[in-house]
Number of protein chains: 4
Amino acid sequence: MERTKRPVQTSVKDKQLIEKRRGEMIRGSVQLFKQKGFHRTTTREIAKAAGFSIGTLYEYIRTKEDVLYLVCDSIYDQVKKRLEQIDLEQGTLESLKLGISYYFHVIDEMQDEVLVMYQEAKSLSKDALPYVLQKEVEMTGMFETLIQRCVDRGVIEMSEAYVHLLAQNIFVQGQMWGFRRWMLQKSFTLEEYIFLQTDLLLEGIKGYQKNSALN
Amino acid sequence: MERTKRPVQTSVKDKQLIEKRRGEMIRGSVQLFKQKGFHRTTTREIAKAAGFSIGTLYEYIRTKEDVLYLVCDSIYDQVKKRLEQIDLEQGTLESLKLGISYYFHVIDEMQDEVLVMYQEAKSLSKDALPYVLQKEVEMTGMFETLIQRCVDRGVIEMSEAYVHLLAQNIFVQGQMWGFRRWMLQKSFTLEEYIFLQTDLLLEGIKGYQKNSALN
Amino acid sequence: MERTKRPVQTSVKDKQLIEKRRGEMIRGSVQLFKQKGFHRTTTREIAKAAGFSIGTLYEYIRTKEDVLYLVCDSIYDQVKKRLEQIDLEQGTLESLKLGISYYFHVIDEMQDEVLVMYQEAKSLSKDALPYVLQKEVEMTGMFETLIQRCVDRGVIEMSEAYVHLLAQNIFVQGQMWGFRRWMLQKSFTLEEYIFLQTDLLLEGIKGYQKNSALN
Amino acid sequence: MERTKRPVQTSVKDKQLIEKRRGEMIRGSVQLFKQKGFHRTTTREIAKAAGFSIGTLYEYIRTKEDVLYLVCDSIYDQVKKRLEQIDLEQGTLESLKLGISYYFHVIDEMQDEVLVMYQEAKSLSKDALPYVLQKEVEMTGMFETLIQRCVDRGVIEMSEAYVHLLAQNIFVQGQMWGFRRWMLQKSFTLEEYIFLQTDLLLEGIKGYQKNSALN
DNA sequence: GATGAATGAGGCTTCATTCAT
DNA sequence: GATGAATGAAGCCTCATTCAT
């Protein structure tokens with residue numbers, strides 16, 4: 001599952017060094033991409049922000065696009081790693097609520113990164129895109145599991161299609177907080193947003209459940 | 001309200017000609033932006049796709065970014081114009097459902113355009129961005145009105161904050177259909193998607209309403 | 001026969017202008033290549049020597065290698081055009097001598113160009129090389145005809161293989177005068193060189209002829 | 001005579017090691033230069049082909065051009081060493097024929113090396129070029145001796161100028177076999193080529209000799 | 001002596017924009 | 001109004017060379 005890494009060519013051999021340098025590179029790039037977007041950022045700026053020369057930059061990547069891939073991949077990884085803290089298996093409404101709340105907090109904390117990822121990922125080549133989309137599938141899969149366990153334990157009753165769609169809705173509503181901040185964050189605090197969205201989500205679930213109980 | 005047009009400088013005087021040429025330009029550009037994105041599309045390609053020379057292109061715009069603005073603006077206008085078909089004022093659940101359904105259909109038909117708009121609008125300069133964001137505000141405003149009328153007529157009971165959030169949710173779920181098509185359109189037909197989302201939305205509303213009725 | 005031109009992409013449409021600009025380009029490039037070789041010459045230098053900007057240069061070619069191809073092709077053409085002055089059909093020893101002498105004079109006059117051609121042609125891509133080699137085939141073909149006519153008219157008697165080889169020898173001895181000038185031109189004047197080489201060549205022919213007459 | 005070596009700076013002291021490493025370097029480089037030419041070959045590739053690191057490469061040379069010099073020098077040496085097998089002093093037509101034949105065989109066996117040498121030597125700096133040209137002088141000198149001895153012994157009669165030119169012709173006809181292989185080796189086997197060229201050469205000589213005998 | 005990571009000058013090419021016709 | 005040739009700043013990337021380990 002975690003095997004999905006697209007290799008990025010290096011001429012440096014020391015694995016640890018690669019990890020370190022790429023970390024520096026990614027950190028710098030996120031800041032730049034946030035400010036000016038991928039296309040308006042030059043490789044020279046990336047190198048400078050990373051703290052090394054243009055030559056060194058190219059020891060660790062092959063093309064500028066590799067940087068974008070590395071950045072997106074890294075952000076996905078960070079988000080995913082944090083989401084792995086969620087206890088997906090408990091199968092209670094409480095754990096579902098907690099999971100959603102935790103996810104929204106993560107998005108809030110990583111707002112800049114998430115924004116970059118969603119605005120720039122589409123610039124990835126046909127070659128690299130599948131790798132990051134795969135990560136999205138995995139993440140929405142987590143929400144599906146989270147909900148499905150509630151179904152499994154009889155806490156809620158819901159068809160697979162609804163579970164799938166709900167997971168997507170949760171996922172997108174998280175992102176929404178990040179990329180529509182200019183609109184949402186004027187109206188709501190994070191906690192308000194979480195409270196309201198969770199409420200709507202769960203009422204939707206409960207309503208659905210009641211209806212189907214009638215049949 | 002409709003006054004929100006940012007003027008784009010021209011050296012041509014004939015208003016009708018301007019309209020015609022810009023139409024050709026926008027049509028061609030949408031295709032190109034869809035395929036390669038704004039940054040990877042050259043002004044030469046735009047001119048060619050529009051059917052005139054690079055020199056002529058620059059008679060109708062001042063910078064490449066003007067094209068992007070014109071494209072985004074035009075798409076927003078088309079979407080908005082179509083949404084204006086919706087009867088916002090009726091204030092029945094049925095009209096709310098119809099409105100949502102109609103919106104989702106519009107998005108589905110204009111998928112490519114919507115995609116372009118959302119992927120490229122962020123490349124607009126600080127100068128032009130407000131003009132298109134304003135359009136978004138207006139559109140979500142329409143959904144707010146649509147819901148609010150139901151509240152006004154007593155069909156549903158809901159605080160302003162919820163109305164605001166619901167409007168945003170509807171708006172984003174529409175877009176979702178377009179920009180997450182690679183995931184959603186594998187699992188659902190448009191009608192299924194509309195049915196399920198509407199159901200969840202309205203159950204959320206009803207659940208909410210019931211709860212607050214208890215207070 | 002003369003159809004063997006590899007097209008070089010242009011974004012300029014005016015055929016005459018292309019011809020003119022490419023002429024300027026080639027003239028400047030020959031000077032540069034002569035001095036520093038193709039690889040050590042920069043595109044900026046080429047543009048400057050041609051008398052226009054780097055941008056303009058790239059309106060008339062697609063890659064730096066195109067310049068090399070154009071240069072080689074042009075030189076071959078010039079040499080060939082001059083060789084076409086030779087009366088190939090007469091079939092007398094005198095005309096053979098005249099032809100050789102004329103060829104050596106052409107080489108002498110175009111020494112720099114010929115040098116460039118022979119030193120740099122090998123840098124042409126697999127794509128372009130055949131086009132210039134074809135020209136060589138055509139040129140040696142001319143010498144073959146020149147000799148063959150003498151055979152046809154009974155002036156000399158010689159098998160095809162010898163005719164072929166002789167043509168090659170003449171061709172290479174011409175080039176020799178250009179690319180071994182550091183050695184030859186210290187020992188001989190052009191006229192001396194022509195006289196001696198022609199003498200050796202014809203004696204070889206006569207000797208050959210006599211021998212075979214004995215059989 | 002053999003003193004003509006241009007020193008190439010080293011930071012390594014051990015003479016034997018230098019010899020060994022340079023051997024590895026030259027062997028690898030010939031392959032690379034043959035395939036891609038000197039300019040398109042990188043120092044990294046050279047180091048890799050030689051079997052050591054880029055750092056080590058630079059312990060044995062000072063600049064990339066040193067490699068080219070070393071390669072050319074080495075090839076010339078090999079060719080010359082083999083030519084030294086020829087008995088120059090015998091002064092018979094038979095020995096002349098044998099010498100020519102032997103030389104052509106050497107060229108044939110070392111085709112790749114010879115090609116590299118002739119195509120890349122021109123990239124040597126003004127500094128290094130004389131050293132390799134000197135080698136050429138020495139080699140043509142060998143052919144001069146070979147012929148001159150025949151003159152000395154009265155086997156043939158010929159002025160110095162002719163001897164000089166003949167030597168050059170032989171030398172160039174050898175090279176011709178290598179660098180015009182695309183044309184010659186389609187028409188002739190090596191033995192045919194040797195036979196025909198020798199024949200033409202000797203008939204030229206005999207013809208010349210007869211003529212002058214008449215005077 | 002050997003290694004290979006780091007450097008940055010400099011090369012090739014693109015492309016938004018202008019302007020003479 | 002339309003055209004398209006001209007411009008050159010600026011971008012991406014390579015690679016010979018150095019130097020700390």
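Protein chains get the first letters and strands the later ones, always in sequence-line order, with residue 1 at the start of each.
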*Asks:* Parallel, tilted or perpendicular: which describes the rings of B:H39 and A:H39, with under 30° parallel and over 60° perpendicular?
*Replies:* parallel

*Asks:* What I want to find out is whether D:R27 reaches D:E24 closely enough, with some N-O distance under 4.0 Å, to be called a salt bridge.
*Replies:* no

*Asks:* Rounding to an integer number of Å, can you tell me how far C:Y60 OH sits from E:dT13 P?
*Replies:* 18 Å

*Asks:* Given that D:K13 and A:D14 both sit by DNA chain E, which one's nearest nucleotide is further toward the 5' end?
*Replies:* D:K13

*Asks:* Regarding C:K48 and C:E45, does a basic nitrogen lie under 4.0 Å from an acidic carboxylate oxygen?
*Replies:* no

*Asks:* Return yes if a side-chain donor-acceptor contact under 3.5 Å exists between A:R22 and A:S74, otherwise no.
*Replies:* no

*Asks:* Convert the base pairs of DNA chain E into dot-bracket notation, remembering that pairs crossing earlier ones are written with [ ] and that bases paired across to another strand are shown as |; include only Watson-Crick or G-U pairs under 3.5 Å.
*Replies:* .||||||||||||||||||||

*Asks:* My understanding is that only one of B:V116, B:D77, B:V132 makes a side chain to side chain contact (heavy atoms under 4.5 Å, CB included) with B:C72; could you say which?
*Replies:* B:V132

*Asks:* Quick check: on DNA chain F, is the nucleotide nearest B:E59 upstream (toward 5') of the one nearest C:R21, or the reverse? Name the residue that is more 5'.
*Replies:* B:E59

*Asks:* E:dT13 P sits how many Å from C:R62 CZ, rounded?
*Replies:* 9 Å

*Asks:* Considering heavy-atom distances to DNA chain F, does A:E65 or D:G55 have its closest nucleotide positioned more toward the 5' end?
*Replies:* A:E65

*Asks:* For the backbone of C:P130 and the side chain of C:R6, can you confirm whether one donor and one acceptor N or O come within less than 3.5 Å of each other?
*Replies:* no

*Asks:* How many angstroms lie between atom CG of C:L57 and atom CE of C:M25, to the nearest 0.5 angstrom?
*Replies:* 6.0 Å

*Asks:* So, taking the atom named CD1 in C:I75 and the one named OH in C:Y118, what distance separates them when rounded to the nearest 0.5 Å?
*Replies:* 10.0 Å

*Asks:* Distance under 6.0 Å and angle within 45° of the ring axis: does B:K64 meet both against B:F38?
*Replies:* yes

*Asks:* Does A:E65 reach the main-chain N or O of A:S125 with its side chain, forming a donor-acceptor pair under 3.5 Å?
*Replies:* yes

*Asks:* Have a look at B:S11 and say if it touches a base, only the backbone sugar-phosphate, or nothing, with a 4.0 Å heavy-atom cut-off.
*Replies:* nothing

*Asks:* Which pair of heavy atoms, one from B:K5 and one from B:Y131, lies closest together, and at what distance?
*Replies:* C-CE2, 3.7 Å

*Asks:* List in numerical order all residues of residues 37-52 of chain D for which some heavy atom is under 4.0 Å away from an atom belonging to DNA chain E.
*Replies:* D:R44, D:F52

*Asks:* Walking along DNA chain F from 5' to 3', note the first and the last nucleotide with an atom under 4.0 Å from a heavy atom of chain D, and give both.
*Replies:* F:dC15 to F:dT18

*Asks:* Rounded to whole angstrom units, what separation is found between the CD1 atom of C:I54 and the P atom of E:dC12?
*Replies:* 8 Å

